[in-house]
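Structure record follows, encoded as structure tokens.
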Amino acid sequence: MVQDWSPTATWTLSGATPPGSYQVQAEVWLGLTPTPPDAVSAAISFVINVIPASGVTLTSDLPSPQVPGTAITFTAAGTGSTSPYSYRFWLFDGSAWNMVQDWSLVAIWTLPDTTVAGSYRVIAQVRTSSALRWTPHRWL
């Protein structure tokens, strides 16, 4: 029950309602006791879907190249949906891809100042829900 007996004939679904299938039904009571109702409306069914992210931008606070020992901060920003976005970061060190930050609401990852000289690539992935598997990405 989302609204108890009331003279108010409207009800608003919260904007924070999670994705899923819903049914809404109203009952009318004219008597002295609410059981049973005088009339029951037909249920209205509807679905709330998450709109998946359609892309992500990735920027760094410093241009390439940098000298060894410099911390470089990368910032991702999801596009094509509404927040909250979740982000995951990967680093290619020249021989293998390594996940450096698993799914998180944090859109920033910093390459440590202990990184040795070399060529690196960073990928940021984005999603709007942990239920969604499609994750567009960008790399620098």
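Note that the structure is a prediction, hence the values are computed from the model and not measured.
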When you measure from the side chain of Ser81 to the backbone of Ile51, do you find a donor-acceptor pair of N or O atoms at a distance under 3.5 Å? yes
Where is the tightest heavy-atom contact between Val126 and Ala53, given as atom of each residue plus distance? CG1-CB, 3.8 Å
Looking at Phe89 and Ala124, what are the two nearest heavy atoms and their distance? CE2-CB, 3.8 Å
Where does the angle between the aromatic ring planes of Phe74 and Trp109 fall among parallel (under 30°), tilted (30 to 60°) and perpendicular (over 60°)? parallel
Go through the steps to decide whether Leu91 and Leu111 satisfy the test side chain to side chain contact (heavy atoms under 4.5 Å, CB included), and finish with yes or no. CA-CA 9 Å; Leu91 177 66; Leu111 183 69; 3.9 Å; yes
For Pro52 and Thr128 the tightest heavy-atom approach is CA-OG1, 3.6 Å
Test log, rule side chain to side chain contact (heavy atoms under 4.5 Å, CB included), inputs Arg127 and Tyr85: CA-CA 6 Å; Arg127 66 182 180 188; Tyr85 292 105; over 6 Å; no
Would the distance check show the side chain of Ser60 and the main-chain N or O of Leu62 forming a donor-acceptor pair, the cut-off being under 3.5 Å? yes
Cluster check Tyr22, Trp11: I/L/V/M/F/W/Y, side chain < 4.5 angstrom: yes
Quick one: does Thr79's side chain have a donor or acceptor within less than 3.5 Å of a partner on Gly55's backbone? yes
For the pair Asp93 (side chain) and Ser95 (backbone), establish whether a donor and an acceptor sit closer than 3.5 Å, ignoring hydrogens and angles. yes
If you compare all heavy atoms of Met99 against all heavy atoms of Trp90, which two are closest, and at what distance to 0.1 Å? N-CE3, 3.4 Å
Following the transitive rule for hydrophobic clusters with a side-chain heavy-atom cut-off under 4.5 Å over Ile, Leu, Val, Met, Phe, Trp and Tyr, establish whether Val100 and Ile108 coincide in one cluster. no
Does Thr8 offer a backbone N or O that forms a donor-acceptor pair with the side chain of Gln3 under 3.5 Å? yes
Any sub-3.5 Å donor-acceptor pair from Asp61's side-chain atoms to Thr73's backbone N or O? yes
Gln23 CD to Ile44 CD1 distance, which is reported to the nearest 0.5 Å: 10.0 Å
Under 3.5 Å, side chain of Tyr87 to main-chain N/O of Gly78, donor-acceptor pair present? yes
Which atoms form the tightest heavy-atom contact between Ser104 and Gln101, and what is the distance? CB-NE2, 3.7 Å
Let me confirm one number: the CG-OG1 distance from Leu58 to Thr75, rounded to the nearest 0.5 Å. 8.0 Å
So which heavy atom on Phe46 is nearest to which on Val24, and how close? CE2-CG2, 3.6 Å
Please examine the side chains of Val56 and Gln125, heavy atoms only from C-beta on, and report whether any two atoms are closer than 4.5 Å. no
